[in-house]
Each structure stands twice: as structure tokens, then as C-alpha cells.
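Below you'll find the structure, written out as C-alpha cells, and then a few comments.
We use all heavy atoms of the structure for the numbers below, so side chains are in, but hydrogens, waters and symmetry mates are not. No experiment lies behind these values; they were computed from the predicted model shown.
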Amino acid sequence: MTELRHRGAKDTEPPLQQQPSEDKGSDSELKAEKDGVSDSESKVDTGVPEVPVPPDDTPEVLNKALSGLSSRWKNWWVRGILTLAMISFFFIIIYLGPMVLMMIVLCVQIKCFHEIITIGYSVYHSYDLPWFRTLSWYFLLCVNYFFYGETVTDYFFTLVQREEPLRILSKYHRFISFALYLTGFCMFVLSLVKKHYRLQFYMFGWTHVTLLIVVTQSHLIIHNLFEGMIWFIVPISCVICNDIMAYMFGFFFGRTPLIKLSPKKTWEGFIGGLFATIVFGILLSYVMAGYRYFVCPVEFNNDSNSFQVDCHPSELFQLQEYTLPGVLESVTGWTTVRLYPFQIHSIALSSFASIVGPFGGFFASGFKRAFKIKDFANTIPGHGGIMDRFDCQYLMATFVNVYIASFIRGPNPSKVIQQLLALRPDQQLHIFNSLKAHLTEKGLLPAVEAAA
């Protein structure tokens, strides 16, 4: 084996099949020869995981009820029943309001982080190296403190300025966040162990990429929610609809493989899911755009110390009359149609959820294949872990946030006023005089009134 390891470690050595006189040996020996390392050496230099396969956690009631079906149809019914249960739960948390939605987003974030870190820990644990899991959760705490602190300062500005402890924390928030992260960074450096440096830095990168994928995206989801619950519900619902309809079209009509990373994905499911999701997005947007509860930005009421969703809907959520192109007019027989402008934006959201969104799932499939696992966890029977259900949602959250910032959001007068009220009286007076002079110059204020 010493000779084999020595020869296998050289990249320029000819392949094994060119040595016909040599004994083939066992499969494990051949694998060690190709890798160029023994089992003990690979434990130090590589991080090839041995992730345990989770047991079948399908409820016993479902197993008995579906025992007479083939595995294909059994999986179809299990996924269908659990999907309906999850959709029902989604309706319930929407009814409970924005605060509950934010808490659910935080819980989902923590669970997704746990599932990904657990995969790394199953590898790392065998080396008995200190602090990996502790530092991973510590960095999660630091990053959440930073992002949620920024959110509190931005959306609860008046409350923060009213309470002295919160005002101090807000003023030095970024310095405190950096100090917390720096503490974790120093702890990681102190935990480095000789002969395991490479693996420890693998795990350090693992944790930070997980934070980037999971925590940052969940923070953007909450920002989308503050723009109005419709910006939260419609994108998430489009991803769910595309997932369901692509599965349905693929299950019944799928014949042509779509991508090697996911052998069960088909072009029939991809295209059918696209058209079904666009129609679904337009219809759902029409229903939701008529309710202030969904379209108004989520704001904090300082008088009642609670969230409120009440406003005069913007033009985006007011019915407008549009003239149809000649092609559509000849097909439908309609000259004009009344739509909410948001329905037009929903086409962009639905298209992204159907065309680009699935690549989040493909990315997750590639990740799982790299570690030879079927699912991130077995939290939801027939569906896998929470991360298996939200792999596309995180990509969608980033798109929605960028879309709002690029095409929707304008200056927010209420935030400007809140910042002005936090200034010193002399600063407020200076801004008042500058604004009055500007409005007078524009002719929006009479010169007599300005002189008075």
C-alpha cells in the first residue's frame, strides 16, 4: 500500500489500466490508490462526509392507508397530503398578521441553518475538534443581531429615539456588531489545531456561505414584507405554485429530462409550471390588490405600540384601463381591459419564479449530490427538510427586493420626517428655511407668504 500511495499521489502517473500485470486488489484499495491517500491520511487532508441516511419518517397512518400502492403513487399521495397541510398552515399565519409572519421567517431561517450546519458537523465531529458547532451558532447570532438591529433602527425609528437604552444601542449598533464578530473570529483562530488547519478553514467557509445564503435572504424577505404583505405573499405563492404544477405536469406528462442534476425534472413539467404560475400570479394579484390589508406598507404605530396596515392605496393598486394589442383583441374580442398595475408586475414575479427560481433547487440538488444525501433533513415526510422546501424561496427573495428597489420604491416622506424630528432645533430650522426658499423659487409658495 505504501507503493500504491506513493504512485497514486503523482498527478502525471499513467492510469491503473496500463499496469496489466499488477493485481487489481479490492475496491477499497483501488479507491485509496486513485485518491492517493490512505484512510487515516484522508481524515486529515480531506473533508469527504459520511452523512447518515435519515430513516423513513412517514406517519404510520399514511403508511397503512397507502400500503397497497406502488412507491411512485405512494410518494405522490404523501407529498400531496403534506402539501395541503403546509398551504393551510400558510393561510393561518397570514391571518395572524405581519408580526407572526416575521417570527415564522426567523424560525425557518434558524431551521435551514441548522440543517446545513448539521451536514458539516457530521463530518467535523469525527475529528474531535473544538468549537465548530458553537462558533457556527455564535456567528448566526452575530449576523442576526446586525441585520435585525438595522431593521429596528430603520422601521422603528421613533420608538428607538424615545427609549434611551435603544437609542444608545442604535447609535453604536454597527460598532457592537463588528466587535461581536471580531470576538468570534479570534475564537476561531485560537481553536486551530495542527494537522487539521485545512479542514477547519473549510468549515469556517462553510459557516459563512451558509450565513450568506440563509440569513441574508431571510432578512430581505422581512424587508419585502414591510413594503406590503402582497410583496411577501405573491412571490412565495408563485414559487409554491410552480413547484406544485411542475411536479404535476412532470408526473403525468413528463418524458424529456431537463437537467442531469435533477433527473426527475422534465421539460414538460418546467414549461407547464411556467404557464400555470403566470396565470396563477395574475389571478392572485387581482384578488389581493383590492384589500388594504395586503397592499399597505407594514408600519409601526407609536401611539398604540403595534403594527398597523392602513393607508390610501397607491396607483399600483388602483384599477386602470389598458388597451389590448391587436393580436389579443382579435383573440378575445375585447378592446380594453381593466387591471391593477401590480398584475403586470406579477407577470415578472411569476416568470422569475418559474424560469430562474428552479435553479435554486438545482443548486440544492447539486449540493446534496456532492454529499451523497437525498434531502437536507427528514422534517416533512415526502418533502425532506425545511431547506428542501425553501431552496427556491431565498433566490426569489433577493429578486423581489432588487425589483422593488429598482422599479417600485420611491422616497418615503414618513421616514424623512422621522429623521428630521430627531435633529436639533437649529438643524430643523435651517432645513425649514432651505425648504421654504426652494418652494418659493419653484413658485409653490407665494412670495408674500415667504416674506411673512
Side-chain angles (χ1 to χ4, degrees), residues 79 83 86 105 108-109 111-113 115-116 119 205-206 208-221 223-224 231-251 253-281 345-377 380 382-407:
R79 287 176 64 94
T83 297
M86 288 188 288
V105 170
V108 168
Q109 173 216 115
K111 179 58 179 170
C112 289
F113 182 83
E115 291 177 358
I116 299 176
I119 297 174
W206 181 294
H208 281 67
V209 170
T210 303
L211 291 171
L212 175 66
I213 294 175
V214 175
V215 182
T216 305
Q217 311 308 316
S218 63
H219 175 69
L220 295 180
I221 290 177
H223 268 255
N224 299 340
W231 291 105
F232 173 86
I233 297 172
V234 170
I236 287 181
S237 299
C238 285
V239 172
I240 295 173
C241 175
N242 180 256
D243 191 37
I244 294 173
M245 298 310 298
Y247 177 78
M248 296 290 287
F249 276 94
F251 185 88
F253 309 109
R255 296 292 182 274
T256 312
L258 176 63
I259 187 171
K260 291 182 178 180
L261 282 173
S262 296
K264 294 183 179 180
K265 305 290 184 182
T266 63
W267 275 105
E268 290 82 2
F270 184 79
I271 297 173
L274 168 64
F275 287 104
T277 304
I278 291 176
V279 173
F280 171 81
H345 291 289
S346 74
I347 298 176
L349 301 179
S350 301
S351 299
F352 184 90
S354 303
I355 298 173
V356 183
F359 280 84
F362 301 152
F363 177 86
S365 296
F367 181 90
K368 288 182 285 188
R369 281 178 172 270
F371 292 94
K372 299 179 178 63
I373 56 176
K374 181 182 178 182
D375 298 310
F376 284 96
I380 310 171
H383 292 269
I386 299 295
M387 189 64 199
D388 290 285
R389 292 299 91 209
F390 283 84
D391 47 12
C392 301
Q393 296 288 3
Y394 286 127
L395 197 61
M396 188 70 186
T398 305
F399 172 74
V400 174
N401 192 269
V402 172
Y403 190 88
I404 293 174
S406 302
F407 305 109

Query raised in the report: Are side-chain heavy atoms of S351 and I347 found at a separation under 4.5 Å?
Result: yes

Report task. Check whether any side-chain heavy atom of T266 lies under 4.5 Å from a side-chain heavy atom of T256, and answer yes or no. Result -> no

Query raised in the report: Given L220 and Y394, is the side-chain contact (heavy atoms from CB on, under 4.5 Å) satisfied, shown in steps?
Result: CA-CA 9 Å; L220 295 180; Y394 286 127; over 6 Å; no

**Report entry** ring-ring contact (aromatic ring centres under 6.0 Å, His included) partners of F376, counting only residues at least two apart
**Finding:** F367

Query - Min side-chain heavy-atom separation S350-F280 under 4.5 Å - result: no

Query raised in the report: Does a side-chain heavy-atom distance below 4.5 Å link V105 with F232?
Result: yes

Report summary line: One should read off an interatomic distance between H219 NE2 and N224 CG, to the nearest 0.5 angstrom, of 10.0 Å

Query raised in the report: C392 and G357: which non-hydrogen atoms are nearest, and at how many Å?
Result: SG-O, 3.2 Å

Report task. With the side chain counted from C-beta on, respond yes when F362 and D391 share a heavy-atom pair under 4.5 Å apart, and no when they do not. Result -> no

Requested in this report: Applying ring-ring contact (aromatic ring centres under 6.0 Å, His included), name anything that partners F390, two or more places apart in sequence or on another chain.
Outcome: none

Requested in this report: Of all the heavy-atom pairs spanning A353 and C238, show the shortest one and how long it is.
Outcome: CB-CB, 3.9 Å

Query raised in the report: Would you say V215 and Q109 make side-chain contact, with heavy atoms under 4.5 Å?
Result: yes

Query raised in the report: Of the options Y403, F399, F359, which is the one that meets F352 in a ring pair (Phe, Tyr, Trp, His ring centres under 6.0 Å)?
Result: F399

Query - Heavy-atom side-chain proximity of M396 to I221 below 4.5 angstrom - result: no

Report task. Could you tell me the separation between the CG atom of D388 and the NZ atom of K368, rounded to the nearest 0.5 Å? Result -> 4.0 Å

Report task. Working to the nearest 0.5 Å, report the span between CG of L349 and CD1 of I236. Result -> 12.0 Å

Query raised in the report: Is W231 close to V400 at the side-chain level, that is, under 4.5 Å between some pair of heavy atoms?
Result: yes

Report summary line: Taking every heavy atom of G273 against every heavy atom of S354, the minimum-distance pair comes out as O-OG, 3.9 Å

Query - K265 NZ to Y247 OH distance, which is reported to the nearest 0.5 Å - result: 10.0 Å

Query - Reported SG-to-CD distance for the pair C112 and Q217, which is rounded to 0.5 angstrom - result: 11.5 Å

Query raised in the report: Which heavy atom of E115 sits nearest a heavy atom of M387, and at what distance?
Result: OE1-N, 2.9 Å

Query raised in the report: What distance do R389 atom CZ and D243 atom CG have between them, rounded to the nearest 0.5 Å?
Result: 5.0 Å

Query raised in the report: Got a donor-acceptor contact below 3.5 angstrom from the N401 side chain to the A397 backbone?
Result: no

Query raised in the report: For F249 and I271, what are the C-alpha separation, side-chain angles and deciding distance, and is it a side-chain contact (heavy atoms from CB on, under 4.5 Å)?
Result: CA-CA 9 Å; F249 276 94; I271 297 173; over 6 Å; no

Query raised in the report: Does any N or O in the side chain of N242 come within less than 3.5 Å of the main-chain N or O of V239, such that one atom is a donor and the other an acceptor?
Result: no

Report task. For R255 and E268, indicate whether the former's side chain and the latter's backbone hold a donor-acceptor pair under 3.5 Å. Result -> no

